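Before I ask anything, here is the structure I am working with.
These figures come from a predicted structure and were not determined experimentally. In what follows, every chain begins at residue 1, and chains take the letters A, B, ... in the order their sequences are listed. Only heavy atoms go into these numbers, but all of them, side chains included; no hydrogens, no water, no symmetry mates.
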Number of protein chains: 2
Amino acid sequence: MALPSSTVENYLKAIYQAQSAQGPEHRLVPMGRLAGALGVVPGTATTMVKTLAESGLVDYEPYAGVRLTPAGEKLAALVLRRHRLIELFLVKVLGMSWAEVHDEAERLEHAASDRLIDRIDAMLGRPAADPHGDPIPDSSGSMVTPEYQTLLTCPLGSPVVLTRVTDQDSAFLRFLESSGLKPGQAIRVESRDAAADHVVVRGKRERQIMIGMRAAAKLQVAPTEQTA
Amino acid sequence: MALPSSTVENYLKAIYQAQSAQGPEHRLVPMGRLAGALGVVPGTATTMVKTLAESGLVDYEPYAGVRLTPAGEKLAALVLRRHRLIELFLVKVLGMSWAEVHDEAERLEHAASDRLIDRIDAMLGRPAADPHGDPIPDSSGSMVTPEYQTLLTCPLGSPVVLTRVTDQDSAFLRFLESSGLKPGQAIRVESRDAAADHVVVRGKRERQIMIGMRAAAKLQVAPTEQTA
DNA sequence: TATAGTATTTTGAGTTATCAAAATTTCAAT
DNA sequence: ATTGAAATTTTGATAACTCAAAATACTATA
């Protein structure tokens, strides 16, 4: 098949991300959701998905939804790889802020060659995750996605490390940045209050941060590593 | 006006470069030349140029050719700025070879934001020229193009510095690289032989290099600076 | 100045990706 | 089972860009 257009890459990426977000129970992404994620009307998504199905990149079940084929999944993973490496590069090498790199990467991911991506990968030391903690697929398109707990499920009081932020909204990211809540940061959940819908986190330099539960669910953590 | 598409940017850039290549006497770029530079059939160029003219980016004289308006010239210069900064960045920061950055920059120049370009510009120390010695326009789109002599016109025997290579062909660039003929390099023209159609250059470490006259015309040099 | 040859423009058609709005299907609730 | 609301698909258009090939304009030269 010919090179996928940016549009095709974006559809595959959106389907991939919708599938992941939905969890393993709903494997089919409904057209409405896909169209919403891409900012197109549903009819457009239907049309496009039919052509993706003809290319063997997705399975399409009318009125039910789409799902990536193995070929589509690989392509999507490679787009994600480009996106995440570019984000990390922009932050680490060019000193751009966490909140502003997403849109930039969104465009550059379709223009960067494999060669360039590999240089970036090497320069960054073959990193496992991008600035949000999202795992970076390797050049064959495979990726390990560790299962983390969230601020809502981790044990109270234990020291944990913030590992992943599953929301790209730049206002949210700016808030996290200003609160010192970036992946890698050691923190501890002090309390949860369902009635008040908040979680209290003790962060860098014993600073106390209060976060709504919906936001807290987007912050993933891992138990602090014991120095081996 | 809305953001120019990559296509529009490419047309403007090609017109700009054709105008420069032609020198100040022929200000109008004929359609055939433009179409050739862009790899489209002449009819396509005609159509596109008419819409560029409607946008006020070019002046179009049927059967005669196109010329950039001041607005078109500014836009073209900004595309060139992006292209050249990206090329230099890829060479300096990512260690890519001189010969391979052109195509990469060709795609990235349409995807990089002004913000990113400015970061790159700052990181590189607001450079005046790209790896080929092509001058880099500033963020307002203005550029100084020093007039250099070439290997064909510079004084024989005097030490000069290679300042600019006016050919992007990657095989040619690889040849130059392997001969140590990169901008910045101190050289000296030993002899010219019109009959044999060649120029003999003494390069790095007294190495002797023989170049055809057509190629020699593409190498621009400046008198070696006397240490002030 | 007639004309042959070249360059340019025009015409008609195709591709990709999109939207608006009409038609259809699905599904949950009666 | 029927129906009404919501989601999806279909249909008909549009925009941007392109090509092939026919029509036209220019220009050099004889």
Original post:
Will you find, in the side chains of A:N10 and A:H110, an N or O donor that is under 3.5 Å from an N or O acceptor?
Top reply: yes

Original post:
Sequence neighbours excluded, which residues qualify as side chain to side chain contact (heavy atoms under 4.5 Å, CB included) partners of A:A128?
Top reply: none

**OP:** Using atom CG of B:N10 as one end and atom P of D:dT18 as the other, report the distance to the nearest whole Å.
**Re:** 9 Å

**OP:** Round to the nearest Å and state the distance from A:L34 atom CG to D:dT8 atom C1'.
**Re:** 13 Å

Original post:
Taking atom C1' of C:dC27 as reference, at what distance in whole Å does atom CG of A:L28 sit?
Top reply: 16 Å

**OP:** Grab the CG-C1' distance between B:L3 and D:dA15 for me, whole Å please.
**Re:** 16 Å

Original post:
Between B:M48 (CE) and D:dA16 (C1'), how many Å, whole number?
Top reply: 8 Å

Subject >> salt_bridge(B:K13, B:E106) N-O dist < 4.0 Å >> reply: yes

Original post:
Looking only at side-chain N and O atoms, does A:S5 come under 4.0 Å of OP1 or OP2 in C:dT16?
Top reply: no

Original post:
Hey, does the side chain of B:Y11 come within less than 4.0 Å of D:dA16's phosphate (OP1/OP2), counting only N and O?
Top reply: no

**OP:** Using a strict cut-off of less than 4.0 Å between a Lys/Arg side-chain nitrogen and an Asp/Glu carboxylate oxygen, indicate whether B:D138 and B:R81 qualify as a salt bridge.
**Re:** no

Original post:
Taking NE2 from B:H110 and C1' from D:dC17, how many angstroms apart are they, rounded to a whole number?
Top reply: 15 Å

Subject >> For A:E61, all residues meeting salt bridge (charged side-chain N to carboxylate O under 4.0 Å, His left out), sequence neighbours excluded >> reply: A:R67

Original post:
When you check every protein heavy atom under 4.0 Å of nucleotides 4-9 of chain C, what one-letter string (B, S, -) results, 5' to 3'?
Top reply: ----SB

Original post:
Between the side chains of B:Q22 and B:R33, does any donor sit under 3.5 Å from an acceptor?
Top reply: yes

